[in-house]
There are 2 protein chains.
Amino acid sequence: MEQKIIDLLKRSNLSITDSRKKILESFFQEDSALAHADIENHVGQDFDRVTIYRTLQTFVDKGIIHTIPTPDNAVLYALCKDSCSAGHHHDNHVHFICDNCNKTFCLEHVVVPAVHMPVGFAASQIDMVVSGICNYCNATT
Amino acid sequence: MEQKIIDLLKRSNLSITDSRKKILESFFQEDSALAHADIENHVGQDFDRVTIYRTLQTFVDKGIIHTIPTPDNAVLYALCKDSCSAGHHHDNHVHFICDNCNKTFCLEHVVVPAVHMPVGFAASQIDMVVSGICNYCNATT
DNA sequence: TACACTATTGCAACTATGTTGCAAAATGTT
DNA sequence: AACATTTTGCAACATAGTTGCAATAGTGTA
């Protein structure tokens, strides 16, 4: 784990700091997307709120994580897959929000379908967020 | 205009108040979706911030307007079409955000396409937000 | 390993956004 | 017009996010 995180930071040309390691750790430990508050809980009192904001922004810039738009307008972050690089995100997958456990997942293998735009409209990016019940909640209820 | 607004309020079982009339007017005058701040600008100093928040919430509850999720997590509101009713929204259309003029539109005639969910996931609602250049900006640049 | 340079962090202060309780004012009903 | 009910404005509070700056930690080099 520790080594995986250090490698990722090096690959992204970022210096290895305690806060970056701890915050990345949160993402590797959780399979779902995290809100700023989730991360604050995970890292505890160790780091300042501002540091977390700046670290997350840095990770987004470097293509390590991406933000997820949600219908209730909370900002969520999730790890990018390898196809993402600095300044160039490729997260064209569908995001899923479970109404039961409230977790948000990246459906890496579900690609956002094409839509036919009206005349005059040119699409450059498409975000698709699906809500419902996730596989874990469906299995246990 | 005035009469149309009053009728809409009556149909929704809402009392006719100055703030509700003025706020609804904003929506009828703009073809694009409005943020809270846009509305505050439009109605000026006439009403308290809190009143605007509460009025918008009331309109959402009554099915007069709906919220639009955006990738940058700003809350936007737009008029619902007639198929919406209290507690029962039918806004299954695609939303479009122009990267040039920054306005957000409901593409009423573009229905959100179906997606195939992985085993175990049950979808109940799908939001699709497309960004790019709108027809107005494409025509004038 | 120690040094110097650069990047990162913490603190404080600030802005924006949204919420709640309660008394005053406006609305609808008779 | 008078009453009961909603709605509004105010004040205070809560949360989220940003900025400048000084102190600290990380990195490459000798």
Pairing residues for [X] by the side chain to side chain contact (heavy atoms under 4.5 Å, CB included) criterion, not counting sequence neighbours:
X	value
A/Asn135	B/Phe121
A/Ala37	none
B/Arg49	B/His36, B/Glu40, B/Tyr53

Sugar-phosphate, base or nothing in reach of A/Ser19, heavy atoms under 4.0 Å: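 If one applies the 4.0 Å heavy-atom cut-off, A/Ser19 turns out to touch the sugar-phosphate alone, with no base involved.
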
Sugar-phosphate, base or nothing in reach of A/Asp46, heavy atoms under 4.0 Å: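 It contacts sugar-phosphate atoms only.
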
Euclidean distance, atom [atom1] of residue [X] to atom [atom2] of [N] [Å, nearest integer]:
X	N	atom1	atom2	result
B/Leu24	D/dT7	CG	P	14 Å
A/Ile39	D/dG17	CD1	P	11 Å
A/Ile52	C/dT8	CD1	P	16 Å
B/Arg20	D/dT6	CZ	P	11 Å
A/Leu9	C/dA7	CG	P	16 Å
B/Asp48	C/dA25	CG	C1'	14 Å
B/Lys21	C/dA26	NZ	P	14 Å
B/Ile23	D/dT7	CD1	C1'	12 Å

Sequence neighbours excluded, every pair satisfying salt bridge (Lys or Arg N to Asp or Glu O under 4.0 Å) that has a member inside residues 14-28 of chain A: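 Only A/Glu2-A/Lys21, A/Lys22-A/Asp46 qualify under salt bridge (Lys or Arg N to Asp or Glu O under 4.0 Å).
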
Angle by which the axis turns from one end of the helix from C/dT1-D/dA30 to C/dT30-D/dA1 to the other, five pairs per end, to 10 degrees: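 For the helix from C/dT1-D/dA30 to C/dT30-D/dA1, the axes at either end differ by 40°.
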
Taking every non-hydrogen atom, the tightest pair across B/Cys101 and B/Cys134: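 Minimum heavy-atom separation between B/Cys101 and B/Cys134: SG-SG, 3.9 Å.
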
So, using side-chain hydrogen bond (donor to acceptor under 3.5 Å, both in side chains) as the criterion, who are the partners of [X] when residues are at least two apart?
X	answer
B/Ser26	B/His42
A/Lys103	none
A/Asp7	A/Gln3

B/S/- contact track for nucleotides 18-30 of chain D, protein heavy atom under 4.0 Å: BBB-----SS---

